[in-house]
Amino acid sequence: MTGTPRTLAEELRTRPDGGLVGLLRARPDLLSPVPGDVTQLATRAGTRASVVRAVERLDRFVLQTAEALAVAPDPCPYATLGALMGGDAGDPAVAAALPGAVAELRAQALVWGPDDRLRLVRTARELLTPSAVHPSPTGLGPTVAEAVAGMSPGLLQEIIAAAGLPTTHDPVTAAAALGALFGDRARMAALLDTAPAESVAVLDKLLWGPPYGGVTDRPAPHLRWLLDRGLLLPAGARNVVLPREVALHLRGGRAHHTTEPAAPALSPATERDPQLMDNAAASQAFTALATVEELLKEWDLGGPAVLRAGGMSVRDLKRTATALDTTEQLAAFWLELAYGAGLIASDGEADERFAATPAAGEWLQLPDPERWAVLVAGWLAATRTPGVVGTADAKGRALAVLGPHLDRSPAPEVRRRALALLASLPPGTSVPASAVLARMRWERPLRGGRPAAGPAAADGAGEVTAPAGTAPAPADDLRSRLAQWALTEAELLGVTGRGALAAHGRGLVDTPPDGAEPTPDDTAAAAARAATRLAPLLPEPLDHVLLQADLTAVAPGPLERPLAEALGVLADIESKGGATVYRFTPGSVRRALDAGRSAAELQEFLTRHSRTPVPQPLAYLIDDVARRHGQLRIGAAAAYVRCDDDALLSEILADRRAAPLRLRRLAPTVLAAQTSPDQLLDGLRAMGYAPAAESAAGDVLIARADSYRTPPRTAPTPVPDGPPSPDPTLLAAAVRAIRAGDLAATAERKPVHAPAPATGSLPRTTSAETLATMQAAVLTHSALWIGYVNADGAASQRVIAPVRVEGGFVTAFDHTADEVRTYPLHRITGVAELADDSV
């Protein structure tokens, strides 16, 4: 194609395959489904939903360039755009960055046309053009032609006469003359030189927006001077507007108050020893593992009930926070982290409650680095956002942890970008969170929304008041909050240490070489690589403790899992930290005996794993509890107690504390109770006895702590933030299909027995003509253009080279699909020969 393209489709048609690949990668929504040809691609690229998504992903300077094009003439020469961005005086930084911004808008099919005729896609212009309902960040108002539309022709003639212009014969030429005056720097300066100082002050108030203001029925003289000359134009009964041409003259030609061609610097930077930062991150990673492990242990026999609307109650969240010795907000994070990793879920029973999943048991048996990798991989990909727990949803209901409506689809992209910014700094370097947030707001200024500015108001003296500039992007928009949460959560997980990205955390920001969004497999592989780097920094598990005479044991570091599990049964955890303190009590020793361990086994266990001798008080405690353990036997009648020592049973009967158990003697060595065995067991233990449960055969029951688990559950699926990023194979196939479809739609055709159909419509021939043309094409090895309707009723046009026609089917090489296919003849609407040079 030669000459200047007249439409976006014509320009896209001239792009190389690499240009189309770049467009489809930047705007993957254009691939759902794959466009049939370039015309369909251009049409879809101009739809409102697609343009909104593309505009929201522009950085601040590229967006400012698009906003300048929206207020520029259409089409706009590059020089005019440069003047709007840099002003009359020019700005070297803007001039250097502007070509890249225009190229980015071209690449995303938001701008097309040569440099002397740049055109913003119509839908993008509608989105970004200033209006009274949707103010522009430029702070500009409508043009003179737009502002005077519908104005009385007589009033318009009076305005141009007061401005010193000759009257015209129609409103169109009058508006053009007034706009030309305001756009002429010399004549406009001369006009403003005659303005009263109060009038110039009014213009200054509206200069940077909002351009609308209110006036009274009797404007002050300095306002009347502006209204008479069209420097302020009516915008309703009591509103006025500053025309765009006037504002641009007063601004020195600048469309924006502040143009930001470069991203904010990540500063101030604080440099520390990288090894210290890595060690701090590794310490926090170990703490994260211990916290999740403690949560699973807390819920080992089942967690809290599930609310009717889903999630946990506030009371249960407080209990969990107390058990984890943390705040409710951090408890919500640990709960959502375990939930996202598939370690906890609801059991799905009638009385639904949360519990650990079977995957939790497998996770607990993994080495520490692998366990950390599971948590981090789930965190990176999760769209569930614990930071919103406690806030209200659209209906004013509080959002519950582990409940619905916690998904925020931009969260994974924000996390990765925050880590990538930290990775751009030298090792061991940290910056304030505000610097990271400022950079991310520059990169995606529209993702968090932009506050709309209202019109200025008139004071009691008929004066117009307005703010002197546009409001900055809010610091509490969703994207900023997601970024702040991402930085906090990265610190909690040990990905960062004291604000600096750790060496093992840098592996998490590795992206696929083709630039596509990482898949779950990519995320898991990155987490595994990071875990490999973390492994040498984690403390080695210990196989010993230090027993002390005050019935405590000190673990000077993390214990090997079998030792930690056994010690957790034999003793109660008294304090945590760098060293864990366990305390031995009669109840904890009895718990170990209930689990089937004998006194001798407990003594041998402590001797083997203690670096200090077993203290005599601890040995006496174990022997004393073991001696009394199992003297009483409890079984199920309703419940009974039996004991060879009838004096002991008499002592129990005489004890007033046994009254709630409603005991009575059945035999010298047997008491019956009207309570369940569990209640009887707990009651006698509360009285200071050490009974043991027995089976129906009279054997002592070993009360092992059986864990409660949900049925197999999968981790929650992240909610995607739009279509997935296409891989290179899909992009290449899509471009081939678009090119082939475009060839089928635009190729020159020969008529069969009727004039060729119009470009873009399906050919129509009779069945006999279709069959004859197909058979002739097989003999001549020529290509044909066909219309085809598939089994779903979808119509398409294709270019094929028939190879064989038989049995009501044609076998041909399909240039559209780039493969050999077979088509039923009855589904072919018509056929036409192609010109000799079309394929």
Side-chain angles (χ1 to χ4, degrees), residues 71-74 80 83-84 88 129-132 139-255 455-459 461-466:
V71 298
D74 187 29
T80 301
L84 286 170
D88 295 340
T129 298
S131 69
L140 293 171
T143 63
V144 170
E146 295 168 345
V148 301
M151 180 183 290
S152 165
L155 178 59
L156 183 55
Q157 295 298 328
E158 292 176 5
I159 289 176
I160 66 171
L165 298 173
T167 58
T168 63
H169 299 289
D170 60 88
V172 175
T173 55
L178 191 61
L181 169 64
F182 294 160
D184 189 312
R185 294 286 189 265
R187 290 194 296 160
M188 187 63 173
L191 176 62
L192 290 176
D193 286 342
T194 64
E198 297 88 345
S199 300
V200 176
V202 170
L203 296 179
D204 289 341
K205 291 179 180 179
L206 300 178
L207 181 57
W208 294 104
Y212 294 90
V215 295
T216 61
D217 293 335
R218 296 182 179 182
H222 60 279
L223 290 179
R224 174 54 60 190
W225 191 93
L226 296 172
L227 291 168
D228 289 344
R229 288 157 181 78
L231 296 174
L232 289 180
L233 292 171
R238 294 190 177 184
N239 291 321
V240 293
V241 65
L242 180 67
R244 188 180 305 169
E245 294 87 344
V246 176
L248 288 174
H249 172 81
L250 296 173
R251 296 178 178 191
R254 299 180 70 94
D459 63 16
E463 188 63 84
V464 176
T465 58

Legend entry - Interatomic distance, Leu233 atom CG to Asn239 atom CG [nearest 0.5 angstrom]: 13.0 Å
Legend entry - With Ala145 via side-chain contact (heavy atoms from CB on, under 4.5 Å) - residues at least two apart: Thr143
Legend entry - Pairs touching residues 140-153 that satisfy salt bridge (charged side-chain N to carboxylate O under 4.0 Å, His left out), sequence neighbours left out: Glu146-Arg244
Legend entry - side-chain contact (heavy atoms from CB on, under 4.5 Å) partners of Pro234, counting only residues at least two apart: Met151
Inset, instruction - Just grab all the salt bridge (charged side-chain N to carboxylate O under 4.0 Å, His left out) pairs involving residues 187-197, residues at least two apart or on different chains. - result: Asp184-Arg187
Legend entry - Identified side-chain contact (heavy atoms from CB on, under 4.5 Å) counterpart of Val240 within the set Val202, Leu226, Leu223, Leu227: Leu227
Inset, instruction - Show the numbers, then the answer: is there a side chain to side chain contact (heavy atoms under 4.5 Å, CB included) between Leu207 and Arg251? - result: CA-CA 7 Å; Leu207 181 57; Arg251 296 178 178 191; 3.6 Å; yes
Inset, instruction - Kindly write out the residues that satisfy side chain to side chain donor-acceptor pair (under 3.5 Å) with Asp170, not counting sequence neighbours, or none if the list is empty. - result: Thr173
Legend entry - Interatomic spacing from CG in Leu231 to CD in Glu245 - rounded to 0.5 Å: 11.5 Å
Legend entry - Any pair counted as salt bridge (charged side-chain N to carboxylate O under 4.0 Å, His left out), so long as it reaches residues 153-163, sequence neighbours left out: none
Inset, instruction - Would you please name every residue forming a side-chain contact (heavy atoms from CB on, under 4.5 Å) with Ala174, sequence neighbours left out? - result: Leu156, Gln157, Ile160, Thr168
Legend entry - Asp88: side-chain contact (heavy atoms from CB on, under 4.5 Å) partners, not counting sequence neighbours: Arg185
Inset, instruction - To the nearest 0.5 Å, tell me how far Leu248 CG sits from Met188 CE. - result: 10.5 Å
Legend entry - Distance (rounded to the nearest 0.5 Å) between Phe182 CZ and Arg229 CZ: 10.5 Å
